[in-house]
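Worksheet: the structure to be examined is printed underneath.
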Amino acid sequence: MKIKALLGERIQAAFQEVGLSGESLLQHASRPEFGDYQANGVMAAAKRAGRNPRETAQAVVAALDLDGIAKAVDIAGPGFINITLDEGFLAEIEPLAVQTATPQTVVVDYSGPNLAKEMHVGHLRSTIIGDCIARVLERLGHRVIRQNHVGDWGTQFGMLLTYMQDKAADSNSLADLEAFYRLAKARFDDDEDFQRRSRQTVVDLQSGSPTALEQWARFIAISASHCQQLYDRLGIDLGPDDARGESSFNDDLAPTVNALTQRGLIELSDGAKCIFLDDFKNKDNEPLPVIVQKSDGGYLYATTDLAALRYRIGDLRADRVLYFVDARQALHFKQIFAVARAAGIASQEIVLAHMPFGTMLGKDNKPFKTRQGDLIKLADLLDEAVERASLVLSEKEVQVKNPDIDDSEAAALADMIGIGAVKYADLSKNRTSDYVFDWDQMLSFEGNTAPYLQYAHSRIRSLFTRGEINPNDLPARTVPVDDPERRLAAAIANYHDLLEQVGQEGYPHHLCGYLYDLAGRFTQLYEHCPILNADQEARTRRLILSHQTASILADGLTLLGIRVPDRM
RNA sequence: GCGCCCGUAGCUCAACUGGAUAGAGCAUCGGCCUUCUAAGCCGAGGGUUGAAGGUUCGAGUCCUUCCGGGCGCGCCA
């Protein structure tokens, strides 16, 4: 149940009744003593109406119908309305019933690695943030279509295919894609004949030569399988069916430019086909073009993106298209969206949103690289994560806590914790800013980390194991009584609102913050109140709340793409 | 030169988009294991939110100007 929407409607109704216009400005209470929610809208509205804010608040509260929802509605300060929810109301909420009444078709564009090279840390953010938001939207009941816009076309493939041919390369020699790329590049840089043949291969490829296409397909298949291995390791919901590379829009590029021409948007500038839009200026304050076809007839990535957008809206019937792409491409997307609107590719009702993110930095606050200055391979990063996690586990003497965990279970745990820690470190920071990658911080069991949440979850599970209780035998709901119970119940009830917000705005760190807060409220209950050893009534109550908490933690971590061990 | 983003505790990050006394974790200091996982909990210190103006009942958040950092800006993607 969306509590905020419900309260918002009721307050709006009360505003109307007392002749007030404006928003209720409802938000969570900033301090516990203010209750659960606060509405801040009265002060501004009263000001506009020239009325006394405090008296206006009185009138709104008098007109406000929250029977069965709130147990207290107070006025504080200059005209804040503080709302304390009724415990019975909290108990009625099914926390995991989060399906929307108005499902949309949402295309989520994320990951998009360049298949000419191996995946490196630069692909991590797009991949895991996009994956999380796709899962959240799906959880809310939207029709989600994942689009992995892989870089599988372009001049660099001429070089790679020619080198592959020269070396009679098989999948084995492509096992280290990065090394292969470097060798091909080195050859290209100091061998003129090789350069000539590489350019010819590009021409062959673009003109549809069967031999070139066959080699290209072989290369792409091998490279894509490398990606797939990483997706599987990372627990990313992307497969071959989600991949729609640049090459797949090849045949649509000319029609796309034609469509723009017919709309009268195209101008020739130095032989290139350009679109000039009013809002974009270059460094000399002259109109800035979006170039869709080069003077030599070649197309550019703007063209590909427009063709892809035509497909997403025309064929996939998207209501929203979300792009999880590096913040540096902000201008590019602004232009693409503006062209798409001007050209009628996207009507005003369709939401197009660039969901930008910042750069991953090392502890020195510079882009995260090896000592040699190379980008770090994703595969190496994950190896190190698991290795470090397994080290932490042995330090913490996991066998003391759970003596019957054997080596293979411990290895599986290290995997879940290590990979989860890397993903969570990224997901828990504000998407739009750069963030500092710090092994010790992310693998710590203290603070807002994946291991802490996994641990909190396993602690709850162990309650049920130890008490030999099947959670399904418990009643589904309970009315909280003691303070820690109430605080926990209030957070549990808020899950739907939170997911709604994350699905709308695309900030996974809000989900992380929520789960951390939820886990904190649980451990407070756990520390301050006995659960298994409480009297029958309290025991049942607390077990129900514990089970709800564990369910949300498991659900939330799953939406983050992080695995949830039963014990650790 | 123009444009976009950022600057919050010693460090890493929050602050629900204009609300009440700016919050967490790490680090520092002090408490709590004969009852459910101490990988935990409770508490203390630590801030002129880069600076100065402005807008208003109210500003970390909005506007202006500086300072400092990152990124982008015609035929790469």
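Numbers restart at 1 for each chain; the letters A, B, ... are given by sequence-line order, proteins then strands.
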Scan Tyr424(A), Tyr516(A), Phe445(A), Phe522(A) and name whichever one has a ring pair (Phe, Tyr, Trp, His ring centres under 6.0 Å) with Tyr452(A).
Tyr516(A)
Between A24(B) and C16(B), how far apart are the C1' atoms? Round to whole Å, please.
16 Å
Any luck finding a side-chain donor-acceptor pair between Asp483(A) and His528(A) under 3.5 Å?
no
What's the gap between U65(B) and C5(B) when it is taken at their P atoms, as a whole Å value?
14 Å
Looking at His123(A) and His120(A), would you say the former's side chain and the latter's main chain have a donor-acceptor pair under 3.5 Å?
yes
Which nucleotide in the set C75(B), C36(B), C73(B) lies at the smallest distance from any side-chain heavy atom of Leu463(A)?
C36(B)
Can you give one letter per nucleotide of nucleotides 41-47 of chain B, going 5' to 3': B for a protein heavy atom under 4.0 Å from the base, S for sugar-phosphate only, - for none?
SS-----
Gln27(A) has a side chain; which of G19(B), A20(B), A77(B) sits nearest to it?
G19(B)
Is there a donor on the side chain of Asn533(A) or the base of U35(B) sitting less than 3.5 Å from an acceptor on the other?
yes
Nearest-neighbour nucleotide for the Pro289(A) side chain, G74(B), A20(B), C75(B) considered:
G74(B)
How would you label the contact of Tyr516(A) with the nucleic acid (heavy atoms, under 4.0 Å): base, sugar-phosphate, or nothing?
sugar-phosphate
Short N-O contact, Asp517(A) and Arg521(A), less than 4.0 angstrom
yes
Phosphate OP1/OP2 of U37(B) contacted by Ser462(A) side-chain N/O (<4.0 Å)
yes
Given the C1' atoms of A14(B) and G54(B), what is the spacing between them in whole Å?
28 Å
Whole-Å C1' distance, C6(B) and C71(B):
10 Å
How far does the C1' atom of G23(B) sit from the matching atom of G45(B), given to the nearest Å?
16 Å
For His547(A) and Phe464(A), take the angle between the two ring planes, folded into 0 to 90°, and tell me which bin it lands in: parallel under 30, tilted 30 to 60, perpendicular over 60.
perpendicular
Under a 3.5 Å cutoff on both atom distances, Watson-Crick or G-U, what's the dot-bracket for RNA chain B ([ ] crossing, | other strand)?
(((((.(..((((.....[...)))).(((((.......))))).....(((((..]....)))))).)))))....
Considering only atom P, compute the distance from C13(B) to U17(B) and round it to an integer number of Å.
23 Å
When you measure from the side chain of Asp434(A), which nucleotide among G70(B), U21(B), C13(B) comes out closest?
G70(B)
Looking at His510(A) and C16(B), is any side-chain donor or acceptor paired with a base atom of the opposite kind under 3.5 Å?
no
Checking C73(B), A77(B), C36(B) against the side chain of Leu331(A) (C-beta onward), the nearest is C73(B)
Whether Asp152(A) side chain and Leu115(A) backbone form a donor-acceptor pair below 3.5 Å
no
Of the options A38(B), U21(B), C75(B), whose atoms approach the side-chain atoms of Ala272(A) most closely?
C75(B)
Can you tell me, in whole Å, how much space there is between the C1' of G50(B) and that of G68(B)?
7 Å
Nearest listed nucleotide, side chain of Glu446(A), among U17(B), U37(B), G25(B):
G25(B)
Quick check for you: among U37(B), G40(B), U17(B), whose closest atom lies nearest to any side-chain atom of Arg567(A)?
U37(B)
Checking G25(B), A14(B), C13(B) against the side chain of Tyr435(A) (C-beta onward), the nearest is C13(B)
Less than 4.0 angstrom from a charged side-chain N to a carboxylate O is my criterion; do Arg328(A) and Asp326(A) meet it?
yes
Remember a base hit wins even if backbone is also touched, and classify Leu300(A) as base, sugar-phosphate or nothing at under 4.0 Å, heavy atoms.
sugar-phosphate
What's the closest nucleotide to the Pro78(A) side chain, out of U37(B), C75(B), G19(B)?
G19(B)
Using only heavy-atom distances, decide whether a donor-acceptor pair under 3.5 angstrom links the side-chain of Arg466(A) to the base of U37(B).
no
In whole angstrom, give me the gap between the P atoms of C66(B) and G3(B).
12 Å
Met43(A) CE to G58(B) C1', straight-line distance once rounded to whole Å:
8 Å
Using only heavy-atom distances, decide whether a donor-acceptor pair under 3.5 angstrom links the side-chain of Asn430(A) to the base of A15(B).
no
Classify the side chain of Gln38(A) and the base of A20(B) as holding, or not holding, a donor-acceptor pair under 3.5 Å.
yes
Mind checking Ala456(A) for me? I need base, sugar-phosphate or nothing, with any heavy atom below 4.0 Å counting as a touch.
nothing
Taking any heavy-atom pair under 4.0 Å as a contact, classify Ser458(A): base, sugar-phosphate, or nothing.
base
